[in-house]
A.B. asks: 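Once you've had a glance at the structure underneath, I'll fire off some questions.
All residue numbers in this chain count up from 1 along the given sequence.
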Amino acid sequence: MQGHAGLWLDGQEMPDLAPGIYRQRLVIEGTCPDPIDAESIVGYLSELSAVCGMRTVLEPMTHRSERFGWAGWIHWETSGTHFYAWDEPRPFFSVDIYTCKAFDPLRAVEFTGSYFDADEIVAKAF
């Protein structure tokens, strides 16, 4: 139906509106022993590019909000990644990878856990 926006909740299959365009998503979240700073975010996003086989278009950028913590972003030729980190109530990070080029999600998760010395790490691929 034209002009109708759909909402698909957990357990419901969302229709693929562009089957001819490859898209891959991966969300990684974890806890770590130490707070994450801007230098660590920049290093992580730069190295993640190589791990995922992506070509960097714009170098990583970061921003710190006193209320919400750190955010970082990198632009790849085939999309990019957003990164978020909190210090409180404990060091925690959340990574959102979106690409139009295939990459190995397990490799990205293993790299992320190792890079941040994660105590716990979870991931979901879409």
Side-chain angles (χ1 to χ4, degrees):
M1 170 190 262
Q2 189 173 11
H4 175 75
L7 174 62
W8 286 266
L9 304 174
D10 285 343
Q12 296 177 310
E13 188 69 27
M14 184 175 85
D16 186 348
L17 300 179
I21 300 173
Y22 181 82
R23 284 119 45 228
Q24 184 175 350
R25 296 172 178 92
L26 177 65
V27 172
I28 306 169
E29 295 188 338
T31 59
C32 51
D34 300 307
I36 298 170
D37 60 15
E39 184 178 333
S40 295
I41 294 169
V42 168
Y44 167 74
L45 291 172
S46 294
E47 290 183 41
L48 181 67
S49 301
V51 168
C52 293
M54 302 298 166
R55 182 178 161 270
T56 300
V57 174
L58 294 175
E59 294 301 316
M61 302 174 79
T62 62
H63 171 74
R64 176 152 175 77
S65 163
E66 290 302 318
R67 184 170 177 200
F68 296 107
W70 282 103
W73 177 75
I74 190 167
H75 179 55
W76 295 329
E77 182 177 45
T78 53
S79 300
T81 295
H82 287 93
F83 181 93
Y84 307 96
W86 292 259
D87 296 345
E88 297 295 331
R90 66 172 297 186
F92 170 80
F93 60 85
S94 184
V95 183
D96 186 5
I97 302 171
Y98 175 86
T99 70
C100 295
K101 176 184 171 187
F103 66 94
D104 182 345
L106 183 56
R107 200 163 167 231
V109 173
E110 289 173 346
F111 166 72
T112 301
S114 175
Y115 189 92
F116 292 109
D117 193 25
D119 301 315
E120 295 180 282
I121 193 162
V122 296
K124 182 169 183 169
F126 300 84

A.B. asks: Assign the ring pair His82 / Tyr84 to parallel, tilted or perpendicular, where the plane angle (0 to 90°) is split at 30° and 60°.
C.D. replies: parallel

A.B. asks: According to a 4.5 Å side-chain heavy-atom criterion applied to Ile, Leu, Val, Met, Phe, Trp and Tyr, with indirect links allowed, do Ile41 and Phe111 form part of one hydrophobic cluster?
C.D. replies: yes

A.B. asks: Which pairs, with at least one residue in residues 37-48 and sequence neighbours excluded, count as a salt bridge (Lys or Arg N to Asp or Glu O under 4.0 Å)?
C.D. replies: none

A.B. asks: Keeping the roles fixed (side chain from Lys101, backbone from Gly53), state whether a donor-acceptor pair exists under 3.5 Å.
C.D. replies: yes

A.B. asks: Do Trp76 and Leu45 have side chains that get closer than 4.5 Å, going by heavy atoms?
C.D. replies: no

A.B. asks: Side-chain heavy atoms nearer than 4.5 Å, only ILVMFWY residues, links allowed to pass through others: does that put Tyr115 and Leu26 together?
C.D. replies: yes

A.B. asks: For Phe83, check ring-ring contact (aromatic ring centres under 6.0 Å, His included) against everything at least two apart and list the hits.
C.D. replies: Tyr44, Phe116

A.B. asks: Can you list, pair by pair, the side-chain donor-acceptor contacts under 3.5 Å of residues 54-68, counting residues two or more places apart and other chains?
C.D. replies:
{"from": "Thr56", "atom 1": "OG1", "to": "Ser49", "atom 2": "OG", "distance (Å)": "3.4"}
{"from": "Ser65", "atom 1": "OG", "to": "Arg67", "atom 2": "N", "distance (Å)": "3.2"}
{"from": "Ser65", "atom 1": "OG", "to": "Phe68", "atom 2": "N", "distance (Å)": "3.0"}

A.B. asks: Are Val42 and Ile74 in one and the same hydrophobic cluster, where Ile, Leu, Val, Met, Phe, Trp and Tyr link if side-chain heavy atoms are under 4.5 Å apart?
C.D. replies: no

A.B. asks: Is the side chain of Thr112 donor-acceptor paired with the backbone N or O of Ala108 at a distance under 3.5 Å, no angle test?
C.D. replies: yes

A.B. asks: Side-chain donor-acceptor pairs under 3.5 Å in residues 90-98, sequence neighbours left out?
C.D. replies:
{"from": "Arg90", "atom 1": "NH2", "to": "Asp119", "atom 2": "OD2", "distance (Å)": "3.1"}
{"from": "Ser94", "atom 1": "OG", "to": "Glu29", "atom 2": "OE2", "distance (Å)": "2.9"}

A.B. asks: Pairs of donor and acceptor atoms involving the side chains of residues 14-24, under 3.5 Å and at least two apart or interchain, shall be tabulated with distances.
C.D. replies:
{"from": "Asp16", "atom 1": "OD1", "to": "Ala18", "atom 2": "N", "distance (Å)": "3.0"}
{"from": "Asp16", "atom 1": "OD1", "to": "Arg23", "atom 2": "NH1", "distance (Å)": "3.4"}
{"from": "Asp16", "atom 1": "OD1", "to": "Arg23", "atom 2": "NH2", "distance (Å)": "2.8"}
{"from": "Tyr22", "atom 1": "OH", "to": "Gln24", "atom 2": "OE1", "distance (Å)": "2.8"}
{"from": "Arg23", "atom 1": "NH1", "to": "Ala18", "atom 2": "O", "distance (Å)": "2.7"}
{"from": "Arg23", "atom 1": "NH1", "to": "Ile21", "atom 2": "O", "distance (Å)": "2.6"}
{"from": "Gln24", "atom 1": "OE1", "to": "Phe103", "atom 2": "N", "distance (Å)": "3.1"}
{"from": "Gln24", "atom 1": "NE2", "to": "Phe103", "atom 2": "O", "distance (Å)": "3.0"}

A.B. asks: Among the clusters formed by ILVMFWY side chains lying less than 4.5 Å apart, do Leu48 and Val109 turn up in the same one?
C.D. replies: yes

A.B. asks: Under 4.5 Å between any side-chain heavy atoms of Asp117 and Pro33, yes or no?
C.D. replies: yes

A.B. asks: Connecting only ILVMFWY residues whose side-chain heavy atoms lie within less than 4.5 Å of each other, what is the rest of Val27's hydrophobic cluster?
C.D. replies: Phe126

